[in-house]
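Notes for the one structure printed next.
Keep in mind the model is a prediction, meaning the values are calculated, not measured.
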Amino acid sequence: MTTTIPPLAKLCERCRVLEFDDSAWPGARQAGSEGEGYYLELAKESADRFKLDYFLLDSLPELPWLSDAANDGCGFCAVLKKAVQKYARGCFDEVLVSLFYQWYPFNNLGDGRRSIGLKSLLAQVLWIGYDENGQHLSQSTWLHFGIDSPFDSCAQWLRLESSPRDDVLCSENLLMVRDNLENSSHIRPFTEGIAYPTRLIDVGDNGTGSCRLVETSFEAPFTQSSQIPYAALSYCWGPPEDIVRQFKTEKCSLDSRLRGFELHHVSPILRDAILASRALRVRYLWIDAVCIVQDDVEDWDRESSLMSLVFQNAAVTICTPASTSCQQGFLDRDWIMTRIRFKSNINKRVSGSYIVRLVGEVSNPFHASVECLSFALNHSHWALRGWVLQEYELSQRAVIFGRIKLHVVTGNGAQSEASEMTQLLDSAHGARYLQQGGFNHGAYINWITLVEDYSARRLTHPSDKLPAISGLASRSLHVHPSSFLAGHLFLHADLFWTAALLQTSIRLTRVALINYLHSPDLYVAPSWSWASRNHPIEFGDRRFRVFGESGSDIREECDIVRASTSLAGTNPFGGVKDGSIVIHTSTVPLSLRVEQLGSVGPDHKIWRANEHGGYVADLSFDWNGFEDEESFEELSLVLIGSRKAEKDLSWDPVQVVYEHELKDEEPEGTSLIKFATMDTWVAAGVPGHSRLGLSGDRVIYGVLPHRKPQHVREDETTEDQQAGHHYRESKTGDEERYAYGIIVHPAAEPGKYIRVGAFHSVPRECGGLEYFQSHSKRTLEII
């Protein structure tokens, strides 16, 4: 076992801020004891990201300032130069860099995880340039440098993570993986009597360079036993220019693959997967590019429907967050790193150094605050791939080749390279999908959560939207395929979803949305399905969820006359070629007064509908690019269901929330409320949400209601009370129920509609279920 320790960095004047004074950090003090060891602890209420007195403006692509400092011997300037050049964009001319130290923010959760202190170094990078028309361009990202050290007094004082080994397949790492696999259970389920994928790669052994594709229904080991172990690969295909060079099986090459192929002919990702499989002593390997005939539509459709079998039955899934493309392997450890001197000013006996090691580029600095395993599973390029969700979720055991470390995850928990500790909270999920039986509510809620996660992930082919999660659908829901309609199960509940465009940089106009939904070439699913959109969705709108904390008392308020989809292939949970629902329910034309309450960011507007001066509903549209004089008269509110209101439902008609850069002083007339969640805002119809957010250097403020409360005598009523009186005078039991539904727009085909948004209505003022019950019912077909 070897762990390379880089030379101690000589630092230029600018970079000496990296040798920080620990006594200057907020609330810094010595904690621990002589027996357990002393360590640095910061005040619990302090921030966990500390900005350094560092500022660099340099020119691309040569980076003359960094180059000169690196040539003069500055170790960190040399590292930063390589990092900036690695992630530089061709359209930018300059780069502005600031530095931050990131402290681990989760030590106080009490969840059994080990204590970590100094977690990472962050370089905030502003890329600056001009387009072909001379217009200013800028983009902000973060370069994430992990901080680690072999164990010494410095590592203990700063509670640093251990350093990775030079060889990911070294004997110590392999022993850790084998011990975990041998001490964990693996159950081999059968799917319709099938025990194996149709094809597997025989990887041979380390003494040979040749491999061959085998058809399991004809090979003796597989026909004689149902317990032959195999591994499955989960990886990123990468950009189109890499995919076209991918080593794969096609109709014309199938016979050749069955005869055999040499290791040096395959793509880098396949080469490393074969080497890893051999090192793990697993002779057979499933890789989609080779085991599925890529240009055979019938073969692809059949094999994609068996994904639950492939990953559940695999003895181990090889996961590759260290790679971003089929043309990039995951075994090489080509670190960009240096070593920084440290001496404590609190405990004079503590001195040493730590390693600053480039992990990669992140869009959100929070991603640099989590542990290596969490980063690999949630924030790596691999983790953003759509197919990966079901590949990992269905796996009973996984070996994860992260950018920094190797990890093994089983039903017993997770263990990371160079660590003796098993994280019980990070156990594999695959076993939960082995349970047979009927439908249950918990499985449905889990499915809703998975869809929200999945919707934010990327797919090379939009048509894979339903196939890429079909394995999870078949294994988790335990329902007949006829009940599964383009990703939906209970239409009166899960038709209420919203477009989470705030999580993206997408700007979508209503015209573009409608054109997209009408385009036959772009068709993936009917407009009412979450699968019809290529952006994140949520089963709620941050202010309301159909499934409340108690999941209480959801009621269908519409008659589903007919609901159907037509499958695009043989996969019963896979893609569809058309679909519609015919619904008979209360419908309210959006001729109401639609008011914009405010916005969060430049492209996310907060809307509500009013009638006679009183609140009716909160509106969430599926587009975010609004015209100055946007008209909503073509739209209609279509009631789907209702839910009982919370007992402590408050009605706080706060009008606007806005955000700005963190300043030393709060803006005049506002009150800062610190809360953990960024992007939380208040609008009419928010039960109990009087709290706003703080995140990093962004602050969210609430603005008081634009209408002052009216002071009235006991025998008088306000305008709003008068407006809502008609709907509150009868006590039918429905006066305290939320109403919710979808917003529709006329389709190109006469008499049909497409979904373009969702709404919910709080039982206050004019709003709530009774308002919609007072309107006439119509029958609509939504496509």
Regarding [X] and [Y], is there a side-chain donor-to-acceptor distance under 3.5 Å anywhere?
X      : Y      : value
Ser267 : Gln246 : yes
Arg397 : Ser184 : yes
Glu303 : Thr198 : yes

Decide yes or no for [X] and [Y]: does some side-chain heavy atom of the first lie under 4.5 Å from some side-chain heavy atom of the second?
X      : Y      : result
Val479 : Tyr444 : no
Lys465 : Arg533 : no
Phe375 : Val362 : yes
Gln327 : Pro268 : yes
His518 : Ile754 : yes
Pro481 : Phe573 : yes
Val214 : Tyr196 : no
His367 : His144 : no

- [ ] Could you note down all residue pairs passing ring-ring contact (aromatic ring centres under 6.0 Å, His included) where residues 448-477 supplies at least one of them, sequence neighbours left out?
- [x]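 The answer is none; no pair qualifies.
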TODO: Kindly determine whether Phe330 and Val168 satisfy side-chain contact (heavy atoms from CB on, under 4.5 Å), including the steps that lead there.
DONE: CA-CA 9 Å; Phe330 55 88; Val168 66; over 6 Å; no
Check this for me, if you would: do [X] and [Y] make a salt bridge, where the nitrogen-to-carboxylate-oxygen distance has to be below 4.0 angstrom?
X      : Y      : answer
Arg357 : Glu161 : no
Glu219 : Arg283 : no
Asp255 : Arg259 : no
Glu417 : Arg333 : yes

Write down the atom of [X], the atom of [Y], and the distance for their closest heavy-atom approach.
X      : Y      : result
Leu377 : Ala383 : O-CB, 3.3 Å
Leu169 : Leu174 : O-CD1, 3.4 Å
Val524 : Ala531 : CG1-O, 3.4 Å
Ile640 : Leu491 : CG2-O, 3.6 Å
Ser325 : Asp242 : OG-OD2, 2.6 Å
Arg188 : Ala195 : NH2-O, 3.4 Å

Kindly say whether [Y] contributes a backbone atom to a donor-acceptor pair with the side chain of [X] at under 3.5 angstrom?
X      : Y      : value
Asp299 : Ile292 : no
Ser532 : Ala525 : no
Thr317 : Ala398 : no
Ser277 : Ala273 : no
His488 : Ala493 : no
Asp453 : Leu389 : no
Asn378 : Ser374 : yes
Thr570 : Arg302 : no
Trp497 : Trp528 : yes
Glu452 : Phe539 : yes

TODO: Would you list the pairs meeting side chain to side chain donor-acceptor pair (under 3.5 Å) in which at least one residue belongs to residues 285-296, sequence neighbours left out?
DONE: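 For residues 285-296: Tyr235-Asp288, Trp237-Asp288.
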Hey, what do you get for [atom1] ([X]) to [atom2] ([Y]), rounding to the nearest 0.5 Å?
X      : Y      : atom1 : atom2 : value
Cys170 : Glu172 : SG    : CD    : 4.5 Å
Leu258 : Asp202 : CG    : CG    : 12.0 Å
Ile269 : Ser323 : CD1   : OG    : 3.5 Å
Ser380 : Phe401 : OG    : CZ    : 14.0 Å
Leu495 : Ile782 : CG    : CD1   : 7.5 Å
Ile228 : Asn313 : CD1   : CG    : 12.5 Å

Open item on the list: What verdict does the side chain to side chain donor-acceptor pair (under 3.5 Å) test give for Asp166 and Thr2, after you've listed the backbone C-alpha separation in whole Å, the side-chain angles of each residue and the deciding distance to 0.1 Å?
Closed with: CA-CA 6 Å; Asp166 292 347; Thr2 58; 3.2 Å; yes
- [ ] May I ask you to establish whether Arg257 and Phe247 are in a cation-pi arrangement, using a distance under 6.0 Å from NZ or CZ to the six-membered ring centre and at most 45° from the ring axis?
- [x]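 Here Arg257 passes the 6.0 Å and 45° test against Phe247.
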Task: Pi-cation contact, Trp382 with Arg403 (under 6.0 Å, within 45°) - done: no
- [ ] Step by step, work out the side-chain contact (heavy atoms from CB on, under 4.5 Å) result for Gln503 and Ile537.
- [x] CA-CA 9 Å; Gln503 300 177 20; Ile537 65 95; over 6 Å; no
Task: CA sep, side-chain torsions, deciding dist, call: Val388, Arg458, side-chain contact (heavy atoms from CB on, under 4.5 Å) - done: CA-CA 10 Å; Val388 160; Arg458 303 166 185 161; over 6 Å; no
Open item on the list: I'd like to know whether the aromatic ring centres of Tyr230 and Phe222 sit less than 6.0 Å apart in this structure.
Closed with: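 No; Phe222 has its ring centre 6.0 Å or more from that of Tyr230.
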Open item on the list: A quick test of your reading: do over 12 heavy atoms of other residues, nucleotides or ligands sit less than 6.0 Å from CZ of Arg178?
Closed with: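 Yes, CZ of Arg178 has more than 12 neighbouring heavy atoms, counting only those of other groups under 6.0 Å.
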Open item on the list: More than 12 heavy atoms of other residues, nucleotides or ligands under 6.0 Å from CD of Glu262: yes or no?
Closed with: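 Atom CD in Glu262 is packed in, count exceeds 12.
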Task: Step-by-step side-chain contact (heavy atoms from CB on, under 4.5 Å) determination, Asp494 to Trp447 - done: CA-CA 11 Å; Asp494 54 30; Trp447 167 253; 5.7 Å; no
